[in-house]
Chemist: 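Below are the structure tokens for one structure; questions will follow.
Residue numbers start from 1 in every chain, and the chains themselves are labelled A, B, ... in the order their sequence lines are given, proteins ahead of strands.
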There are 4 protein chains.
Amino acid sequence: MFMSPRTRDQNEEMRQRSREAIKEAALELFARQGYTHTTVSQIATRAGVSKGLLYNYFDGKEDLLYQIIEEQIELAENMMEQTVREIPDPLRQLETMIEGAIQFVLRDLDQWRLITSLAFQPEVTDRLRPLLRRNQENTLAITSEIFRKLGAEDPLKETYLLGAMLDGIVLGYVVLQEDYDLEEMKDYLLRRYIHQNYPRT
Amino acid sequence: MFMSPRTRDQNEEMRQRSREAIKEAALELFARQGYTHTTVSQIATRAGVSKGLLYNYFDGKEDLLYQIIEEQIELAENMMEQTVREIPDPLRQLETMIEGAIQFVLRDLDQWRLITSLAFQPEVTDRLRPLLRRNQENTLAITSEIFRKLGAEDPLKETYLLGAMLDGIVLGYVVLQEDYDLEEMKDYLLRRYIHQNYPRT
Amino acid sequence: MFMSPRTRDQNEEMRQRSREAIKEAALELFARQGYTHTTVSQIATRAGVSKGLLYNYFDGKEDLLYQIIEEQIELAENMMEQTVREIPDPLRQLETMIEGAIQFVLRDLDQWRLITSLAFQPEVTDRLRPLLRRNQENTLAITSEIFRKLGAEDPLKETYLLGAMLDGIVLGYVVLQEDYDLEEMKDYLLRRYIHQNYPRT
Amino acid sequence: MFMSPRTRDQNEEMRQRSREAIKEAALELFARQGYTHTTVSQIATRAGVSKGLLYNYFDGKEDLLYQIIEEQIELAENMMEQTVREIPDPLRQLETMIEGAIQFVLRDLDQWRLITSLAFQPEVTDRLRPLLRRNQENTLAITSEIFRKLGAEDPLKETYLLGAMLDGIVLGYVVLQEDYDLEEMKDYLLRRYIHQNYPRT
DNA sequence: CATGAATGAGTATTCATTCAT
DNA sequence: CATGAATGAATACTCATTCAT
């Protein structure tokens with residue numbers, strides 16, 4: 001039977017749609033209920049596909065999780081690189097990156113909570129560690145270069161400390177939620193740390 | 001043959017011993033393998049008691065977890081309060097608290113990872129939240145008072161930011177472990193942030 | 001190789017078959033060994049399905065029990081209503097209903113014992129009570145109407161008393177079994193109570 | 001060491017008190033929660049003794065149940081025999097026995113429910129059957145003698161039918177409780193069946 | 001490609017009973 | 001005589017994964 005290229009494309013598109021629907025459903029459920037308390041059936045139901053199909057696209061529940069996380073990490077990474085490319089001024093780069101990180105969390109608290117929570121589960125981290133490390137090295141390189149341009153004495157440590165501040169602020173927000181004023185903390189961080197140390201020329 | 005029953009004290013001691021053995025075994029296993037991947041049987045075996053006995057003292061696996069966490073949180077709280085009581089100089093108080101927090105994590109990474117990881121699991125947090133909040137308010141009150149004495153402009157925000165830095169640093173260490181030099185980051189934090197802003201008189 | 005999924009009807013039939021096999025096995029075992037002494041594994045084995053499948057169709061052991069009972073009660077109810085519809089003469093209706101009740105018990109002593117035994121277990125009765133009450137009201141309405149047609153002075157009380165006699169006779173049979181001549185008692189009931197008070201015209 | 005008879009008596013009395021306390025607690029709990037859902041711990045706690053002591057006096061939970069039932073059955077038997085001894089007139093005997101049976105149930109619905117419920121549990125009945133049978137034969141002998149004196153055509157069957165009526169009425173009351181007017185049914189039974197067939201001379 | 005019925009290993013939990021004191 | 005800490009066999013239930021269609 002003759003299969004036109006058109007049909008093949010359509011098939012491919014449907015595949016993509018299903019894959020996306022599954023990932024979206026899983027992310028939503030993992031984030032809200034936690035990985036352990038989410039069942040494969042729930043994911044399939046919410047994605048509007050059968051359990052069997054899910055196993056066509058993913059090697060299982062765990063693999064699904066990893067793929068989601070990997071995608072999110074890469075997304076964040078791309079955003080950062082784009083910021084650096086598009087903005088010439090180092091101070092503005094720094095400000096934009098901080099703003100971006102906070103916006104990233106604000107926009108989707110649940111996703112972020114999921115990713116953060118995995119950082120503490122030894123089993124999970126084992127597979128993700130290479131990815132996290134690559135990401136971290138990348139961030140490190142980019143950010144410390146910015147600090148170097150800004151004339152920091154120890155750009156690497158400065159990067160680590162800024163990263164720690166951001167992580168810590170987000171952590172506080174994730175845990176305390178409405179009791180934690182994320183925006184205000186971000187402003188305080190910019191004013192008290194960044195602008196005090198690297199005044200606008 | 002007449003056998004007198006155990007005295008009240010003997011019983012109390014037996015119970016305490018068993019309870020402690022169970023909590024110790026559970027903490028060790030939860031921390032190393034994660035809560036989900038630890039079975040009640042493993043805990044009982046490692047504690048050297050029967051599965052059944054565990055249910056005499058705890059309402060179940062979950063209750064056991066909560067009791068452990070609660071104990072650890074209170075332990076940390078007491079340590080902080082003791083520091084404040086025993087050291088008169090505010091700057092030294094701050095330094096000691098920072099050192100203490102880092103030592104707390106360094107000394108028992110697994111315990112700390114366990115406690116932190118719970119902050120992200122919605123189910124768990126519900127029961128723990130009041131305790132976490134109380135603890136946080138307490139820390140806030142004590143630390144912002146120190147910053148006030150040091151003449152900080154906005155002691156509360158300063159407390160939040162310091163907390164975020166500490167959390168972020170620990171987070172980095174938990175995730176990256178041997179690749180993250182915790183001690184060095186602590187020193188950098190003291191030098192770059194604390195001493196620069198609040199120089200020793 | 002392309003494999004089409006089962007049709008909706010095929011699935012429906014599979015489900016029905018499994019459900020029935022499970023209910024049948026459970027009824028048999030509950031009746032013979034009692035509810036408490038029957039394990040879910042036994043039921044699954046006897047039904048020729050896995051333990052897990054049982055939980056696809058029933059919420060658990062208890063739910064399984066309820067569904068069986070409900071089915072049996074409705075079965076008995078339908079039989080009675082059919083009797084009334086198909087037989088015009090009230091005296092014959094009464095006789096047939098008595099015969100039917102006795103036959104119901106004789107044909108399947110174990111089932112009947114199961115159902116009756118539940119009437120005394122407070123936990124169980126709570127869920128079943130609405131059904132039992134509806135069934136009882138229905139029986140009451142139909143039977144008292146028959147007595148009314150037969151000219152009884154107090155048809156309602158007469159219904160209660162007849163019901164009590166039947167229950168009592170069956171109770172005796174259930175307890176004493178081979179030592180209790182159920183058929184003879186039924187005949188005596190008909191002769192001594194029914195026919196003496198409502199002679200055939 | 002010298003043990004005076006006085007002390008032995010006191011010991012014996014304490015033993016009896018403990019035994020009774022245990023049986024009372026068990027009866028209460030069995031009746032209210034059912035045999036299966038009552039734990040040995042609950043019984044011991046409610047009786048104010050230790051679990052261990054319970055095993056000094058009874059061979060276990062099951063033995064405790066049997067001893068309770070046996071005692072209750074014998075109690076009922078004695079009441080019936082006393083009635084017969086003290087009242088000369090057969091019709092009055094019959095009336096008193098019916099009244100007594102109803103009062104017995106009314107006074108302690110829970111106890112009666114327990115005993116009745118056991119009639120349907122195969123395992124239990126096996127041990128109790130000899131006792132039930134002896135009791136039933138005894139009742140049969142006494143009651144049919146009364147019917148014989150009253151001039152019944154078939155005193156034995158008449159006894160069975162009366163027994164069935166009483167059992168059935170009680171059954172209805174046990175199941176429906178407040179919705180079942182036990183007193184009124186008893187009156188109706190007396191008027192409609194007893195007095196109509198055996199009018200007062 | 002897609003379905004969902006079926007599986008069964010894995011686990012938390014209960015509770016009658018024992019026994020050292 | 002009396003205690004209650006300790007035991008462990010027994011069991012209901014979950015859910016990721018498979019596979020016949």
Chemist: Return the value, rounded to whole Å, for the distance between atom CZ of Phe30(A) and atom P of dC15(F).
Modeler: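 These atoms are roughly 13 Å apart.
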Chemist: Which nucleotide, if any, forms a Watson-Crick or G-U wobble pair with dA10(F), using both distances under 3.5 Å?
Modeler: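 Pairing partner, where one exists within any strand: dT13(E).
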Chemist: Does dG8(E) have OP1 or OP2 sitting under 4.0 Å from an N or O in the side chain of Lys51(C)?
Modeler: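 Lys51(C) to dG8(E) OP1/OP2: no side-chain N or O under 4.0 Å.
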Chemist: Shortest non-hydrogen contact from Lys51(D) to Ser41(D)?
Modeler: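 Heavy-atom minimum between the residues: NZ-OG, 3.1 Å.
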Chemist: Mapping Asp59(D) and Ser18(A) to their closest nucleotides on DNA chain E, which lands nearer the 5' end?
Modeler: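 Nearest-nucleotide comparison on DNA chain E picks Ser18(A).
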Chemist: What's the CZ-C1' distance between Arg19(D) and dC1(F), to the nearest Å?
Modeler: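 Roughly 15 Å, once rounded to whole Å.
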Chemist: Take the protein atom CG of Asn56(C) and the nucleotide atom P of dT18(F), then report the distance between them rounded to whole Å.
Modeler: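 So the CG-P distance, Asn56(C) to dT18(F), works out to 17 Å.
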Chemist: Kindly write out the residues that satisfy salt bridge (Lys or Arg N to Asp or Glu O under 4.0 Å) with Glu13(B), not counting sequence neighbours, or none if the list is empty.
Modeler: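 Glu13(B): salt bridge (Lys or Arg N to Asp or Glu O under 4.0 Å) contacts with Arg17(B).
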Chemist: Taking the side chain from Gln42(C) and the backbone from Thr39(C), do they hold a donor-acceptor pair closer than 3.5 Å?
Modeler: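 Yes, because the side chain of Gln42(C) sits within donor-acceptor range (under 3.5 Å) of the backbone of Thr39(C).
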Chemist: Establish, with yes or no, whether the OP1 or OP2 oxygen of dT14(F) is under 4.0 angstrom from a side-chain nitrogen or oxygen of Thr39(A).
Modeler: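 It does not, given that no N or O in the side chain of Thr39(A) lies less than 4.0 Å from OP1 or OP2 of dT14(F).
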Chemist: So, OP1 or OP2 of dA6(E): does either fall under 4.0 Å of a side-chain N or O from Tyr57(C)?
Modeler: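 Yes, within the criterion.
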Chemist: Rounded to the Å, how far apart are Phe58(A) CZ and dT17(F) P?
Modeler: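 The answer, rounded to whole Å, is 13 Å.
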Chemist: Provide, to the nearest angstrom, the distance between the CD1 atom belonging to Ile22(D) and the C1' atom belonging to dC1(F).
Modeler: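 Atom-to-atom, Ile22(D) to dC1(F), this comes out as 13 Å.
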Chemist: Mind calculating the distance between CD (Gln42(D)) and C1' (dT14(E)) to the nearest angstrom?
Modeler: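 From Gln42(D) CD to dT14(E) C1': 12 Å.
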Chemist: What is the distance, rounded to the nearest whole Å, between atom CG of Leu54(C) and atom P of dA9(E)?
Modeler: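 Those two atoms, CG and P, are 17 Å apart.
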Chemist: Quick one about Glu70(B) and Tyr66(B) (side-chain donor to acceptor, distance below 3.5 Å, no hydrogens or angles considered), yes or no?
Modeler: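 The answer is no; no qualifying pair exists.
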Chemist: Rounding to an integer number of Å, can you tell me how far Asp63(C) CG sits from dT14(F) C1'?
Modeler: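 So the CG-C1' distance, Asp63(C) to dT14(F), works out to 16 Å.
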Chemist: How close do Asp59(D) and Asp63(D) get, heavy atom to heavy atom, and via which atoms?
Modeler: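 Taking Asp59(D) first and Asp63(D) second, the nearest heavy atoms are N-OD2, 3.1 Å.
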Chemist: Treating Gln10(C) as the side-chain partner and Thr7(C) as the backbone partner, does any N or O pair qualify as donor plus acceptor under 3.5 Å?
Modeler: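 Flag set: sc Gln10(C) to bb Thr7(C) pair under 3.5 Å.
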Chemist: Out of dT13(E), dT17(F), dT3(F), which has the shortest distance to the side chain of Val40(A)?
Modeler: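 Nucleotide nearest to Val40(A)'s side chain: dT17(F).
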Chemist: Which base, if any, makes a Watson-Crick or G-U wobble pair with dG8(E), both distances under 3.5 Å?
Modeler: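 dC15(F) is the nucleotide pairing with dG8(E).
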Chemist: Can you tell me if Tyr55(B) touches the phosphate of dT14(E), counting only side-chain N or O atoms and a distance under 4.0 Å to OP1 or OP2?
Modeler: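 No, Tyr55(B) has no side-chain N/O under 4.0 Å of OP1/OP2 on dT14(E).
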Chemist: Can you work out whether Val49(B) or Gly52(D) has the more 5'-proximal nearest nucleotide on DNA chain F?
Modeler: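 Counting from the 5' end, the first nearest nucleotide belongs to Gly52(D).
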Chemist: Give Thr38(D) one of three labels, base, sugar-phosphate or nothing, depending on what nucleic acid heavy atoms sit under 4.0 Å from its own.
Modeler: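 Touches sugar-phosphate only.
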Chemist: When you measure from every atom of DNA chain E, which of residues 8-17 of chain C have a heavy atom less than 4.0 Å away?
Modeler: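 Output list: Asn11(C), Met14(C), Arg15(C).
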Chemist: With a 3.5 Å limit on both atom pairs, tell me what dT21(F) is paired to, counting Watson-Crick and G-U wobble, or say none.
Modeler: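 Answer to the pairing question: dA2(E), which forms a Watson-Crick or G-U pair with dT21(F).
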Chemist: Any sub-3.5 Å donor-acceptor pair from Thr38(A)'s side-chain atoms to Gln33(A)'s backbone N or O?
Modeler: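 It does not hold such a pair.
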Chemist: To the side chain of Ser50(C), which of dT7(E), dC13(F), dT7(F) is closest?
Modeler: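 In terms of side-chain proximity for Ser50(C), the closest of dT7(E), dC13(F), dT7(F) is dT7(E).
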Chemist: For Lys61(D) and Tyr35(D), indicate whether the former's side chain and the latter's backbone hold a donor-acceptor pair under 3.5 Å.
Modeler: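 A pair under 3.5 Å: yes.
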